[in-house]
Structure formats: structure tokens, C-alpha cells
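The first residue in the sequence is number 1, and the count goes up from there.
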Amino acid sequence: MTSLAIDNIGGLWIWGNYPQQSNEGGLSFVSTFAPSPVKDLLGYTVMKVACGTEHIVALVSTEKILCYSWGGNKHGQLGLGDTQSRHCPEIVETFNQDSPWEIYEVACGSLHTALLARKKAPPPSDTHESTCWTFGLGENGQLGHGTTKNAMSPQQVNGLPDSVSLISVDCGLFHTSVLSSSGEAWSWGMERGLGLCPGARVSAVSGDAVSPLLISCSEQNAKFDKPVQVACGAAHTVLVAKDGYEMWSWGRGRSGVLGNGKTDDCLTPTRVLWPEVTEDDKQVETKANDSEETKTEEKDSKQDENLEKMKVLESRLSAMEQYASILHGSIFGKPFEEKEIPMSLQNSGTFDVAKEWETMLESADQGRLVRLEMFYRNMLSGVKDKLMKKRIQEVMKECLNPFSSK
């Protein structure tokens, strides 16, 4: 009864049942009706998160990916070495900063946890050893340790091949499933690892699987082609293959959750059925493609328009820079530099002429002041000469006009 989400900057949010410390010092759950941040992880980048019935496990990126857990811990499902519940996230020490293992996947069952971790081999091999670790409730074999005992700290699932590269893990209520990059799938836990709860409507299943069992794609092939991901419901499993174009399912089939057209429990993987593509579907897809093409063309046109505007602005900026450089050079005898942009213009985008003139005079050395005075005198002299010439021209015109009229 808890929901969690990771936002686009790695912040973790929680709503529903929120674990917190009770007045007696234990753990209690308070209902929250809108998402609120997990304050203990503010400032960290949360990569992945999973939750069980009463516990939460998150993978957090620091110098390496660390594992934090909190919530109910009656069966050791937090992996902290005891059965004491926590209302705040704590690091699972097995995978601390000094550990040679780094976690990359996490999943929670009802009362147990599964992790995938890899250990980088020393050069020159540079290969990655991939392993599955589990902890928490083990009475149905869901930990895969060969027993039905609980585990309070992470332990490796030893029934998997040593050289396997695991890409996905998930947990049902009381079973666990993993998938390798080569297409091999294993399950363990309740009712031979199928996750079937007591009362399964098949007689061939008997007993819980305490170690990983290989799930074959078919009688002829033990591997799923181009595997992508495995996911577990409460008592069933779904596997995505063929780069996302094929799905298989097995386990409890009630309510039609296996998607194979039946409601029977299924011991072996069967394909999830998809409706045949109709002409209407094709037309909808064609319209969608046309719409995307139109959007792409409009986007390209807008980009071209923006590029033209940028070229015009760059041309104007270049002209202004040349003008500023010439003016600055004529006054101060050296090219204009960016550091000489007035502070008021840098900070606010507006130019306070009086203030900047006063500031410039206050900070100017003797040489700059002399050059300013010379520039001012020359400029004033030039202006006076121009005024005098214009006045003479006007007088001459006034004198000549009477003669020209005759």
C-alpha cells in the first residue's frame, strides 16, 4: 500500500503508507494522500526503487551505487543484519563504498528482497561477474539458498551458473525470477518456483523450489530469443523477448492474467496472444506516421527560420562590436575588451551613463585621464570648426542669393 516515484533529477517521492517512528519507538505507517519527498535522500540521485508489503529498497548513486533500505524488517528483508525495523533509510553494508560489488537491479517480494550485482574483474580481462543476492523471508524457498531459512543479510544465490550475465530480476509474493542476457530464465520459491499459491488447479506441481530451476522456453529450446526483461505478479511471471516483440507467461492464470486466452494455471511458458493487425489499425498507424512526418517538417522549418534569425543577429552583433572597438580605440588607444563592459550593464542589462562615467573617472589613472582630456579637446575643436564652416556657408548663401536673383 505504498507508491514511490523517481523524478527527472533523481529525487525520490512517496505516498500512501509512509513508514515513520511511533511514539513507543517502533515503526508505524501513516497515510499520505499526495507525493512528498523522502527527505533523508534529498540531494542524492536515486537510480531505482522497489517496495514490498512493508519495506522499501532504493539504489542511490554517489561515488558508486549504494543500497538503502527502510521500513518493516521482521524477517530481515532490509538486509541490515537484524530484524529491527527502520523508519529512515540505512545503507546495506554488504554493498558499501569499500565493497567490490556494485548493484544494478533491485526487486522486492512481499517479505524478501532480491538484488543483481556485478564485480569488475582486474585487467586485462575487464569482464564482469554477475550475481543475484537475496535476503528476508525464506520459508517458501524464495531466497534460493537451498533452505527455507530466513536471511538477515544479503547472500548469493549459488544455484546459478558462475559465468552468467544477469539482466533482469523480479519478485512475486513468494517467488523470484531472473533472466540472463543469453535468454536463460530461472525461478525459485513457492510451488516449484512458479509462485502458485496453495490451491493451485494443477496436480503436477508439488513442493517449493529452494534453489533456482531453469524455465525452458519449449521442449526443444531452453532459451528465450533476444531477452529483454522478466516481471512477476503476485503468483505469475511474464518474460519479454525478441527485443520486445514477443511475450511469454506462466504461473497462476486466474482472471486471465497470463494473456494466453485461458484462465488455467500454467506450468510452462506460453505465448501471450496479441490480436491480428486489422486494416483499421494500419490506417491509424499510417495517420500517426503522417502526423509525425508533418510535425518533423514543421520542426525543421522552424529550426531553419531560427537559424536565419540567428544569422541576422550575429551580423548585427558583429557590426556593433566593430563600432564599439573603433570608438573605444579612438578614445583610449587600445582595442575594446569584454572585461571593460560597464558593471551596471553586466548586472542588470541597463546602462547608467552618469554613474558609469563617474566610476570610470574615479578609477582612471593619470595616463587615461590625460588621453580623455586630449580626446575631449580634439573633439570639441572639431565640432567648433564644423560649426564655423557651416555658419560661413550660410552667410555666403545669404550674400549671394540677392545677386543670383538678379
Quick one: does any side-chain atom of [X] pair with a main-chain N or O of [Y] as donor and acceptor, under 3.5 Å?
| X | Y | answer |
| --- | --- | --- |
| T83 | N73 | no |
| N96 | E93 | yes |
| S168 | V230 | yes |
| S187 | L194 | no |
| N260 | K262 | yes |
| D170 | A107 | no |
| D225 | K242 | no |
| N150 | G138 | yes |
| N17 | S31 | no |
| S99 | T94 | yes |

Distance in Å, [X] [atom1] paired with [Y] [atom2], rounded so as to fall on 0.5 Å steps:
| X | Y | atom1 | atom2 | result |
| --- | --- | --- | --- | --- |
| C108 | L173 | SG | CG | 12.5 Å |
| C171 | L111 | SG | CG | 11.0 Å |
| S85 | K74 | OG | NZ | 7.0 Å |
| S3 | Y18 | OG | OH | 14.0 Å |
| W248 | R271 | CH2 | CZ | 4.5 Å |
| T113 | H75 | OG1 | NE2 | 11.5 Å |

Are more than 12 heavy atoms, taken from residues, nucleotides or ligands other than [X], located less than 6.0 Å from that residue's [atom1] atom?
| X | atom1 | value |
| --- | --- | --- |
| K64 | NZ | yes |
| D385 | CG | yes |
| Y104 | OH | yes |
| L42 | CG | yes |

Do the non-hydrogen side-chain atoms of [X] and [Y] ever get within less than 4.5 Å of each other?
| X | Y | answer |
| --- | --- | --- |
| K48 | E105 | yes |
| V257 | R252 | no |
| T62 | Q97 | yes |
| V106 | C67 | no |
| L166 | L160 | yes |
| L80 | R86 | yes |
| I14 | T2 | yes |
| V38 | W70 | yes |

Output yes when [X] and [Y] qualify as a salt bridge under the 4.0 Å nitrogen-oxygen rule, no when they do not.
| X | Y | result |
| --- | --- | --- |
| K302 | E298 | no |
| E314 | K311 | no |
| E394 | K390 | no |

Requested in this report: Quick one: list whatever passes side chain to side chain donor-acceptor pair (under 3.5 Å) with W186, sequence neighbours left out.
Outcome: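 Here no residue qualifies.
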Query - side chain to side chain donor-acceptor pair (under 3.5 Å) involving T237 - partner list, sequence neighbours excluded - result: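 Only H175 meet the side chain to side chain donor-acceptor pair (under 3.5 Å) criterion with T237.
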Query - Worked check of salt bridge (charged side-chain N to carboxylate O under 4.0 Å, His left out) between E373 and R377 - result: CA-CA 6 Å; E373 184 181 17; R377 286 180 176 178; 2.9 Å; yes
Report task. Any chance you could lay out the side-chain contact (heavy atoms from CB on, under 4.5 Å) test for W188 and V157, step after step, and finish with the verdict? Result -> CA-CA 10 Å; W188 57 91; V157 178; 4.0 Å; yes
Report summary line: Of Q156, Q77, Q155, H145, the one forming a side-chain hydrogen bond (donor to acceptor under 3.5 Å, both in side chains) with T134 is H145
Nearest heavy atoms of [X] and [Y], plus distance in Å:
| X | Y | answer |
| --- | --- | --- |
| V272 | L258 | CG2-O, 3.5 Å |
| C266 | T268 | SG-O, 2.9 Å |
| I167 | S181 | CG2-CB, 3.7 Å |

Requested in this report: Before giving the answer on side-chain contact (heavy atoms from CB on, under 4.5 Å), spell out for W250 and L239 the whole-Å C-alpha distance, their side-chain angles and the decisive distance to 0.1 Å.
Outcome: CA-CA 9 Å; W250 62 92; L239 189 149; 4.0 Å; yes
**Report entry** Modelled atom types, side-chain donor and acceptor of S130 and S165, under 3.5 Å
**Finding:** no
Report task. Would you check if there is a donor-acceptor pair between the side chains of N306 and Q303 at a distance under 3.5 Å? Result -> no
**Report entry** Working for side-chain contact (heavy atoms from CB on, under 4.5 Å), residues I56 and L4
**Finding:** CA-CA 9 Å; I56 303 166; L4 295 123; 4.1 Å; yes
Report task. Please assess L115 against F135 for the test side-chain contact (heavy atoms from CB on, under 4.5 Å), listing each intermediate value before the final yes or no. Result -> CA-CA 9 Å; L115 303 167; F135 45 94; 3.7 Å; yes
Query raised in the report: In terms of ring plane angle, is the pair W133 and F95 parallel, tilted or perpendicular, where the classes change at 30° and 60°?
Result: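 It falls in the perpendicular class, over 60°.
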